[in-house]
Amino acid sequence: GKRKSGKDYVTELIQKRLGSEVCCVLRLSGPLKEQYAQEHGLDLDQLMGPGPYKERYRADMIRWGEACRHQDPGFFCRLATRGARQPVWVVSDARRLSDLQWFWAEFPQQTRSVRVQSSEKTRSQRGWSFTTGVDDAESECGLDSGIKFDWIIINEANAPSLDEQLHPILQLRSRLFFFFNFYHCPQQ
Ligand SMILES: Nc1ncnc2c1ncn2[C@@H]1O[C@H](COP(=O)(O)OP(=O)(O)OP(=O)(O)O)[C@@H](O)[C@H]1O
Ligand SMILES: C[C@@](O)(CCOP(=O)(O)O)CC(=O)O
């Protein structure tokens, strides 16, 4: 989803519904921001948060991250997933085709893609304003076309509730658990 569409909000809700023992939220931008904050002497908590601080550095972080991705497109995907122990991973910020391709290649059976969508008006109310070089670049537009998402979540006040929209996604987890138990513990 695009800036201020509510990716973090929606992924945190999924995690809350599944519980943190079952589900972890992974951010591809986590290791990127850690390294970038260290190299530039910045406040990592603010870079990770939803406020305006990170927007001051976004264009440069994109450039910085793209230099790493250029060498190795799976670089941040590998770092972000390292050590994740829960059975369900929700990746909150896949923004590029190369991100999706990495997960489809590494976890072809398990990967599902979800688009979080909000109108420009709603995103503006959440603090978004169009920035040339950011909102017209791959980081925001790389998944705008050519992807058949498994689910599209409309994160708007006048849309069906998020719980209602997330229902099929949360059900998928019970189905996977059912098959896991069925095939691994047939006598139970
Ligand atoms: N359904 C909602 N109800 C109330 N507040 C929301 C909702 N969705 C998003 N928000 C708020 O809007 C702001 C932006 O949301 P969030 O940080 O989840 O977006 P994002 O897509 O992760 O943005 P970015 O990647 O640009 O940081 C946050 O302050 C969040 O709490
Ligand atoms: C630099 C970047 O990772 C920032 C992402 O920040 P956020 O997910 O919007 O909080 C975006 C990108 O790499 O395309």
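Read the numbers this way: they start at 1 and go in the same order the structure lists the ligands and their atoms.
- At a threshold of 4.5 Å between side-chain heavy atoms, the hydrophobic network of Ile, Leu, Val, Met, Phe, Trp and Tyr places W151 and V90 in one connected group.
- Using modelled atom types and a 3.5 Å distance limit, the side chains of S118 and R126 yield a donor-acceptor pair.
- Within 4.0 Å of ligand 1, protein heavy atoms come from K2, R3, K4, S5, G6, K7, D8, Y9, P50, K54, R58, R95, R126, N155, L162.
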Less than 3.5 Å apart, N/O on ligand 2 and N/O on the protein: could you list those pairs with the distances?
| from | atom 1 | to | atom 2 | distance (Å) |
| --- | --- | --- | --- | --- |
| ligand 2 | 6 (O) | K33 | NZ | 3.2 |
| ligand 2 | 8 (O) | R95 | NH2 | 2.8 |
| ligand 2 | 9 (O) | R58 | NH1 | 2.9 |
| ligand 2 | 9 (O) | R58 | NH2 | 2.9 |
| ligand 2 | 9 (O) | R95 | NH2 | 2.6 |
| ligand 2 | 10 (O) | K33 | NZ | 2.7 |
| ligand 2 | 10 (O) | K54 | NZ | 2.7 |
| ligand 2 | 13 (O) | R69 | NH1 | 3.3 |
| ligand 2 | 13 (O) | R96 | NH1 | 3.3 |
| ligand 2 | 14 (O) | R96 | NH1 | 2.8 |
| ligand 2 | 14 (O) | R96 | NH2 | 3.1 |
| ligand 2 | 14 (O) | S139 | OG | 2.7 |

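- In this structure, F75 has no ring-ring contact (aromatic ring centres under 6.0 Å, His included) partners at least two apart in sequence or on a different chain.
- Within 6.0 Å of NE2 in H40 there are more than 12 heavy atoms belonging to other residues, nucleotides or ligands.
- More than 12 heavy atoms of other shown residues, nucleotides or ligands fall within 6.0 angstrom of atom CD in E39.
- Ion pairing between a basic and an acidic side chain is recognised when a charged N comes within 4.0 Å of a carboxylate O; R3 and E120 show no such pairing.
- Of the inter-residue distances, the one linking L79 atom CG with L26 atom CG reads 12.0 Å to the nearest 0.5 angstrom.
- In the hydrophobic clustering, where aliphatic and aromatic side chains (Ile, Leu, Val, Met, Phe, Trp, Tyr) are joined below 4.5 Å either directly or transitively, L97 groups with L100, W104, L143, I147, F149, I152, I154.
- Between the CG atom in D144 and the NZ atom in K2 there is a gap of 3.5 Å [rounded to 0.5 Å].
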